[in-house]
Amino acid sequence: MSTVGARPSPSRRGPSRRDRIGLRFELLGQSLVLVSASILGLALFCLWITAVLIVGVGVGIPVALLLTVLVRWLADRHREWAMNRLGQPIASPYRPTPAGNWWTQLWVILCDPASWRDWLWLGTNSVIGWFTAGLSFLFFLGGVFYLIYPFLFWVTPPDVFRTPFGPQFELHSVPESAVMMPLGLVFLVVWYASAAGLANLNARVMRSLLAPTEQVHLRARVQELASSRAVTVDTQASELRRIERDLHDGAQARLASLGMSLGLAEQLLADDPQAARQLLAEARESTSSALVELRDLVRGIHPPVLADRGLDGALQALALVNPVPTSVMIHLPGRLPAPVESAAYFAIAEVLTNAIKHAGAHRILITLEFVEDAGGRLSILVSDDGRGGASIDAGTGLRGVGRRLAAFDGTLVVDSPVGGPTEVRMSLPCELS
Amino acid sequence: MRIVIAEDLALLRDGLIRIFQAYGFEVVEAVDNGPSLVRSLLTHRPDIAVVDVRLPPSFTDEGLRAAIDVRKQIPGLPVLVLSQYVEQLYARELMSDRAGAVGYLLKDRVSDVGHFVDTVRQVAAGGTVMDPDVVAALMTHRAADLPLQALTPREREVLSLMAEGRSNAAIAARMFVTEKAVSKHSNNIFAKLGLEQSEEDNRRVLAVLAYLEG
């Protein structure tokens, strides 16, 4: 799952007039670049067709390869621009290029539908780019042109700017040419009103052609699921092995020895009551130890308090016994599915242990809320005021937490500058009941 | 003494009944679910209820909730809660009415039958008894507390035993010292923690637990 969130661009939240004008001029500059890029794109497109046509000659192959690299670079820059414009992530659609000689690479690139979509976009962009970025730029240019019309009339030789609308309409003097100035204002108003819309239109066209297709999405998703399933199966198998070992060496062994002690005590009862008494006391001790072991085991499988009280109560209980003062803030409008509760509980418990062991924190805050976006998710934030420097790669157990969350399509992000504070954000897609 | 037992596992229920009968207590009713427990307590008004935390029909902390609910209607009804695991959260909820006459123990503790029966008597008489696991968790929880750090290891041991609900005599027997020595320790502890001394055992337990709860 992607961790890049859509941020509402500042222009949508009641921006000031200065911001709005600033945005228009920013877009103006960009449209100049975009128009140039669309011309470059057209040139590349023509070159590429030529290269493909002469591919049999031999020199066509390296040229086509070089052009593909150039086009990919150009397309990536446009993806970035469209991403910023729309405030939505646009992933790269290309298949990974395999290591190997140049003709296998060429083959993979040629077989990648994304390459062909790139060329399609190049062709489209050379038209759409003009109709959006070019048009917007022309509106602005027209505005400026008509606003300074009298000045142009004055500096240019006679006969140049006399008949703006054909021979029927002739201007005779500089003051008379000022009649064109309102037209400049009209152009500027049109430019101002349409700039953002045209840029967005351009960005949408880019997104529709440059973003991965549904098929590519699905392919990536299948890969993601296959690897997370493999991890889940592995983790579960090793958990089961651990439980089996714990039971075998712990409770089972203790019950067996308990049976022996009791059997022996039964034998000794008549002849040596003192020894029998001793054995019985030992047997009782043995049951206590077995119960302690079983209790620890059960806590590791599913903490009873979680079954009793749900995530809310279980976290309160966890915070209560934490040596570092810990506050829990929970805003959940309903009860979470049991597997999600359990996953969240163990993830938080692990992060807490981490904070206590490594961070030297004095205060820990756990915040849970349900966010209703794209089907809903549980958002967890564990923050502490410790010394920071935690990372997923530092072997502090956070990687394991991330892996276990991945089984639920969840994510874990660590923000922990050296010196603190540390923020661990976790997210688990789920529905409330 | 008249006892009501609430335990859903027949094996453990029979075990408890057998222990109580061996010590000459009268088990007026043994129930196996939450609603029956509430009804039984309200009709029989026993001298003490021995209650398992997890009971049907919900198989969550039904027993604990039933006990707390009934104590709202019959304040100070002695309740000894047994569980396969202890949670400080539950201990706090049980003690929150400050009426005393509550106990909270791991089921393991029943195997020390003599001490368990003493505990039942103590709670029936209005005492407060906490499981050593609860007290240990409380002590860890307040480990960073300065007044607690000022205690000697010996005093800390006495404090734990007091929090569990033991009398001076019991603490003395446990630590192999005289009762006088225990009382001296206890004076020091109360002075260091800034608590008001109390001769009465139950008040002392409550004061110590309240302090540890913070």
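In what follows, chains carry the letters A, B, and so on, assigned in the order in which the sequence lines appear, proteins first and then strands, with residues in each chain numbered from 1.
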Quiz item: When you look at CD of E244(A), are more than 12 heavy atoms from neighbouring residues, nucleotides or ligands closer to it than 6.0 Å?
Solution: yes
Quiz item: Taking D112(B), L138(B), V53(B), T140(B) one by one, which has the highest count of heavy-atom pairs under 4.5 Å against chain A?
Solution: D112(B)
Practice problem: Quick one: which of V298(A), L294(A), V321(A), V292(A) has the most heavy-atom pairs under 4.5 Å with chain B, could you say? | Solution: V321(A)
Quiz item: Based on non-hydrogen pairs under 4.5 Å, which of P323(A), A317(A), A281(A), P304(A) is most in contact with chain B?
Solution: P304(A)
Quiz item: Given a strict heavy-atom distance threshold of 4.5 Å, which part of V134(B) is in contact with chain A: side chain, backbone, both, or neither?
Solution: neither
Practice problem: Would you indicate whether R242(A), at its atom CZ, is surrounded by more than 12 heavy atoms from other residues, nucleotides or ligands within a distance under 6.0 Å? | Solution: yes
Exercise. Please say whether more than 12 non-hydrogen atoms of neighbouring residues, nucleotides or ligands are located less than 6.0 Å from CZ in R18(B).
Key: no
Quiz item: How far apart are the closest heavy atoms of Q88(B) and L320(A), and which atoms are they?
Solution: OE1-O, 3.6 Å
Quiz item: Is it true that the side chains of Y85(B) and D296(A) contain a donor and an acceptor less than 3.5 Å apart?
Solution: no
Practice problem: Taking only Lys NZ, Arg NE, NH1 and NH2, and the carboxylate oxygens of Asp or Glu, determine whether E87(B) and R299(A) approach each other closer than 4.0 Å. | Solution: yes
Quiz prompt | Residues, nucleotides or ligands: over 12 heavy atoms within 6.0 Å of E266(A) CD | solution = no
Practice problem: Check T60(B) against D308(A) and note the closest heavy-atom contact, atom names and distance. | Solution: CA-OD1, 3.3 Å
Quiz item: Counting only heavy atoms not in L11(B), do more than 12 fall under 6.0 Å of its CG?
Solution: no
Quiz item: Atom CG in L89(B), atom CG in L315(A): separation rounded to 0.5 Å?
Solution: 11.0 Å
Quiz item: For the atom pair OG1 (T287(A)) and NZ (K107(B)), what is the distance rounded to the nearest 0.5 Å?
Solution: 14.0 Å
Self-check item: R92(B) versus chain A, the contacting section by heavy-atom distance below 4.5 Å
Solution: side chain
Practice problem: Decide yes or no for L106(B) and R295(A): does some side-chain heavy atom of the first lie under 4.5 Å from some side-chain heavy atom of the second? | Solution: yes
Self-check item: NE2 (H362(A)) with more than 12 external heavy atoms under 6.0 Å
Solution: no
Quiz item: Tell me, side chain or backbone of L64(B) under 4.5 Å from chain A's heavy atoms, or both, or neither?
Solution: side chain
